[in-house]
Q: 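Submitted below is the structure of interest, expressed as structure tokens.
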Amino acid sequence: MIPKLSPERVARRAATALALAALAGFGPTLAQAEGDHRGGTLRLVSVSSQGTLDPHINYTSQFWQLYAFLYDGLVGFKKVGGADSKEVVPDLAEAMPVISNDGKTYTFTLRKGIKFSDGSDMTATDVLASFQRIFKVLGPTAGTFYNGIVGADTCLAEPAGCTLDGGVIIDEAAGTVTINLTAADPEFLFKLSAPHASILPSETTPKDNGNEPIPGTGAYMVKSYDANNSMVIVRNPAFKEWSKDAQPDGYVDEIDYTFGGTEEAAVNAIMNGQADWMFDTPPADRLAELSTTAPDQIHLSPLAAWWYAPMNVNLAPFDDVRVRQALNYAIDRDALVSLFGGPALAQPVCQVLPPEFPGHEDQCIYTQDPGTSWSAPDMEKAQALVDESGTKGAKITVVTEDNAASRGIGTYLQSVLSDLGYDAAVQTISGDIQFTYIQNTNNKVQLSISQWYADYPAASNFLNVLFGCDSFHPGSDASINISGMCDQEIDARMKAAIALGATDQAAADKDWAKIDAAVMEKSPALPLFTPQQVDLLSTRVGNYQFSSLHHWLIANAWVQ
Amino acid sequence: MLAAMLSRLARMVVVMLGISILTFLIFFATPGADPAARIAGRNAAPETVAAVRHDFGLDQPIWVQYGAMMRKMFITGDLTSFVNRGEKIVPTLRAAAPVTLSLVAGAAVLWMALGALTGILAAATRGRWPDKMLMGLSMMAVAMPVFWVGEMVNLITQSRLHNTWAFSWVPPLGYVPFTESPLRWALALVFPWLTLAFLYIGLYGRMLRTGIIETYQEDYIRTARAKGLTARRVLLKHATRSAIIPVVIMFGMDFGVLVGGAAVLTEVVFGLNGVGRLTYQALKVLDLPMIMASVLYASFFVVLANAIVDLLCILIDPRMRRK
Amino acid sequence: MTDPTPAAPILTVRDLRVSFAGARKSWNRVVHGLSLDVAAGETVALVGESGSGKSVTSLAMMRLLDPATSRIEGSITLDGHELLALSEADMVAKIRGQRATMIFQEPMTSLHPIYTVGDQLIEALTCHRPMAASAARKAAVALMERVRIPDAARRLDDYPHAFSGGMRQRVMIAMALASRPKLLIADEPTTALDVTVQGEILSLLKELQAEYGMAMLFVTHDMGVVAEMADRTVVMLRGDVVEEGTTEQVFRAPRQPYTRALLASVPALGSMAGEPVPLRFPVIDIATGAATPGTPLARQPDFSAPLLEVRDLVTRFDVRGGLLRRKVARVHAVENLSFAIHPAETLALVGESGCGKSTTGRAIIRLAGGQSSGSVRLGATELFGLDAARLRRQRREIQMIPQDPLASLNPRMTIGEALVEPFLEHRMGPFAAARAKAARLMDQVGLAPQMLERFPHEFSGGQRQRLCIARALMLDPKVIIADESVSALDVSVKAQVVNLLLDIQERTGIAFLFISHDIAVVERISHRIAVMYQGEIVEIGPRAAVMETPLHPYTRRLIDAVAIPDPARRHLRRSQPPSDLMNPIRDLSFVPPSRRYREATPGHFVRED
């Protein structure tokens, strides 16, 4: 079964997905000259909107998908479908930065003649103001993505007076921007490509701008936004294409995005030609029907994400590594995939890094015949480990969300735990509460079900974030290391791998593969599966392209 | 009269105060509800969480926070959402209200008219086939969940039979403001009205039927018949007017609750972004200011509707006029 | 079979049979072949006790019974129309509200509460004869004036709840007169009214009948009313006519034992003249008609020392309203009441509804809410100011017999349990003693001890009242407060229960505070009488003195208004203006006037106004 993707679920899907975009056949329209496709209105629907329009604050895949053609950073991911989409290209900067000072200094030269949609020129002053603003508005990634900039520590402590003195240095006349880091960060360009580093006019208020659109440099601009009804996006009159890779001119003249209704209604609207695309995943029963009646309208793309079940390494019985390993041996990952809707919508995984992700090497130790891939559960081994640990009969509660998939998985885990001799129960909590609830150590959650969607294509975004000591904050609702694993040796290896990435990414990725194995050895979580993105389009939409960061590239599609 | 209104107003304020305090306390007692952590975003640095906590005043004592929230809601009117940051609560609610009001008011007209018709017809033909048929239908109406009915209606009008002559006129789901086009407003609302009214037609029809049949036991009905009034006049003028009072009281409750947001299922199914959906979304994402505002809004309407119903009852039944 | 009538009959009923649908499609017949005639200008009374079928007969004549559950057979001819052959539409078009109209027992519920009196009156006027609104209004005002409703034009726009019972019955009569009917059916029209109001209504009906020349069918259980109203009388018993004749014949020389029994049990005002002590009702064997004359009470009250002494009893209720539910007015329900009851004595408290007599009874056993003050002494004990526990013990000494026995008996308790409960509650002895006493008392109130295992619903109304008496006696009280205890009973049953109370008093020397609006019963049972009006005693004294030489004008009016079962008084007209009882709601600032009483003869006090 496919879960109905509720907003809170999607909110966490701020996303980069790597790997191949599944390209559907474009049909006869491809043959036409591209200029003929210009014009028309694209109608998008979603069950709900995702809050503030402020690109420095919004952290949802739904709006990040729109920021792709609304705002620009100094650099950005290439706006193309397929594997190339993970490539970082110069955007507002003329060229890729000059990196010096052992990877601690980045120097950019800004393009000339770029204007914001309000008609004003984009200058180096705007760049400095934008970086300061990340801290002033208490951006969600201010302390995790941009804390390496010189002066960031004082900005985090005193956001209102943030200057980034010595961190971001501009030369207005020359049009150059120099960013100094406290330490080399091989992922810094990825971080600069995220919408949180969008360049906004310097006069933008240093607080959450809410539903008021902020002028941007992209091909389009938001004309009106009502979080409860609709968003109208039109062409940016001040836009002239400067780089097809970084910010291509769009095909459609207008994009109407309406919020409300149900997934069911959205499918109907698309099939009736009243809408062109839905953000939410179509309901499972409709998807099954559509796969036979309208297979050409469905597009499946793998996501850089995983569903996993963190086990709290600080609470009995999971404080015993044998118990954690036993459970990893015992679960039937094929059964989990079918719980989620079958092999078309997910594939089983046995390690932390998703397939095709940097640092991923096929490896699986928790299977019948350990090797590169998972084949079948090994109940005997699991049982032996449990017997050895002497924890049989312990009480274990699985905390799930209140959607069908999560509950189904929870119930399945309960049955496996019972088979192993535990006294298992399932506790279901409303989706949005569950995510913060399971993070807080005060709630003493032993086993839960969660998901993680990568922000950018770097192994550390999985391993270091989910299992690093820095992300473990006991007693806080914001402690993404849900397992509570803090292994000093592994942590040191991760820090080293990040540093190595600055000079030799290939060698670093090799290390990450080993770290992945080491983490799985400790078994802080049960990898469940990696999900697929489902896009349902109306028949009139052409030129579907799927980018790992921005998902479907809306501006690249045409409707005539 | 003025005193009665003031007294009602005072009671309304007390009720709303109680409800808001309760909502506030429940919210902060919920584990996993820490607004600072959710506002800061996933994997936010502890410094950011702390800064957000301070910025939003969440590090202050709970009563100070309560006071601040009330001040922002009622005095300065600039209360903003915790989730849709920058979204001003009061205008948002004000924008959603006409949608719900259009839906509920239209449905209310329908269900009162058809419910009354059902009840009167059934009572008039008590024990015979029209009565049995109507009561069977209304039982069905009461038993079917509105969400399911709505999905079925959509399935037929928007999907399966959308391209036939019968339903090709049905506009896409969603709301069209009355000011934009009264015709399209009405067309877009036809099926939502019917769907929402369906349950209540059944409920009110049954209730009115029982009421009328009970009223027929009253002495004054015997008097009316002895006077030589026709059966129709006895039914419509004498029996129905008495029997309609409990229905009106119930109507007040239902109307208030629905306008206050209880029409959420119908709203969601038909893509009408009204108060109910707003409340539902707010609850789903634990958006305290929005929850607070919508809860107060709902309680306001419930109290208001009850006041109006009391007034109506006084108009209908002079016995309720007390000096 | 009927006596010659003054004119050709307007209404002819032949062999009327009425049945109701019973279980499994069976039909239970409740009226077995009734025949009667009513001529223009004539009044025929249909008399009987509950269950005699008299009301069913009257409803059948209007075809107001539900055709789905009832069956009417025989023949009813009204003004040349065979009613049982008419369609429902024809009944509406030609009969109901046209040739025949009807007034009912309960004026409080017979008018539609949510339409103005004018609306309902105008409706009756216009539903058969369309007329202009202004003309209809004028006609309605004329009708209201005709039934002597004061200030008719203004009161037309009032709602029924603003009218007293008597005034409502006048409205009902006005409505019935709207179409100048040939026949007026009056179904117990005065039963629910106070006695003074009853007199007024009866007078009005007589007067209107003479004026309109209509035939009147008068359905009632009250022999006094019959004697006062009817030219001819038809006596019914369990659906059969047992006796029929001119009212004089029926009253002077009843042929049937049942009629004789009925008449013997009717308390007739003035029949006690010259009797020194309370007198039992004569007992008549219904099968044979043999009469045993009532015996006087043998035991004399002991006037040496009062048993229960009430001094300056005041009970007031606050009327709250406005923003803060503040007191806005006060009901002076009982004002400065003083009286005493002696062992083996019966003091009657009479008055019309709302005069405070029931409140007095409840205040004495401290059940009345509101604020009571004053002093109630039982023997040497002051009841006011007792703590709860001691009051409970004292309450044993004062027991109450309620008006509605069914409501006061727990339907889920057997009679045995109900009787034993208070005995055990007051720890008066072991369970076996309680059972033995209960059995003995059942015997004393004329019920079989085996009936202790039954539930309340298995008893008739009279039997239930006996049970309540037995229950009160379980605690060996010294005083029993009987609040309208026999008012709801049929005449024959009423006589039996009154006799039972007298028997008990004779045997045990118990004292009764007998609260009643029925002066005829009061006259028979009491040693002394206190007349209450608006919360105060206006006259109190020995029974003979109060009844034979009433001094206060209100007492006189009360006695005057009682219908006396003597056809000779039939042509008497009372010509009193319609009265509305004043309600005792006063401003907060109201200070009750101080009252002085004059002792006319020893023990006979009258209030000086």
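Chain letters run A, B, ... following the sequence lines, proteins first, then strands; residues in each count from 1.
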Q: Looking at every non-hydrogen atom in both residues, tell me the closest pair between C/Tyr115 and B/Arg241 and how far apart they are.
A: CE2-NH1, 3.1 Å

Q: B/Arg225 and C/Arg96: which non-hydrogen atoms are nearest, and at how many Å?
A: O-CD, 3.1 Å

Q: Counting only non-hydrogen atoms closer than 4.5 Å, does C/Ile103 touch chain B with its backbone (N, CA, C, O), its side chain (CB onward), both, or neither?
A: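 For C/Ile103, neither part sits under 4.5 Å from chain B.
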
Q: Dump the intermediate steps for side chain to side chain contact (heavy atoms under 4.5 Å, CB included) on C/Met175 and B/Thr223, then the final yes or no.
A: CA-CA 10 Å; C/Met175 241 154 63; B/Thr223 306; 3.5 Å; yes

Q: Show the numbers, then the answer: is there a side chain to side chain contact (heavy atoms under 4.5 Å, CB included) between C/Phe104 and B/Asp219?
A: CA-CA 8 Å; C/Phe104 301 97; B/Asp219 289 346; over 6 Å; no

Q: Side chain to side chain contact (heavy atoms under 4.5 Å, CB included) with B/Ala123: which residues, sequence neighbours excluded?
A: B/Arg209, B/Ile212, B/Ile213

Q: Quick one: pull up CG in C/Leu121 and NZ in B/Lys227 and give me the separation to the nearest 0.5 Å.
A: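 Answer for the CG-NZ pair, C/Leu121 versus B/Lys227, is 8.0 Å.
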
Q: Side chain, backbone, both or neither: which part of C/Glu88 has an atom under 4.5 Å from a heavy atom of chain B?
A: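 The side chain, not the backbone.
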
Q: When only heavy atoms count and the cut-off is under 4.5 Å, which of residues 62-69 of chain C reach chain B?
A: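 The list, in residue order, reads C/Met62, C/Arg63, C/Leu64.
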
Q: Backbone N or O of B/Ile221 within a donor-acceptor pair of the C/His112 side chain at under 3.5 Å?
A: no

Q: Could you look at C/Met172 and say if it's the side chain, the backbone, both or neither that has a heavy atom under 4.5 Å from chain B?
A: side chain

Q: Tell me, with the steps shown, if C/Glu123 and B/His238 meet side chain to side chain contact (heavy atoms under 4.5 Å, CB included).
A: CA-CA 11 Å; C/Glu123 192 179 34; B/His238 289 259; 2.8 Å; yes

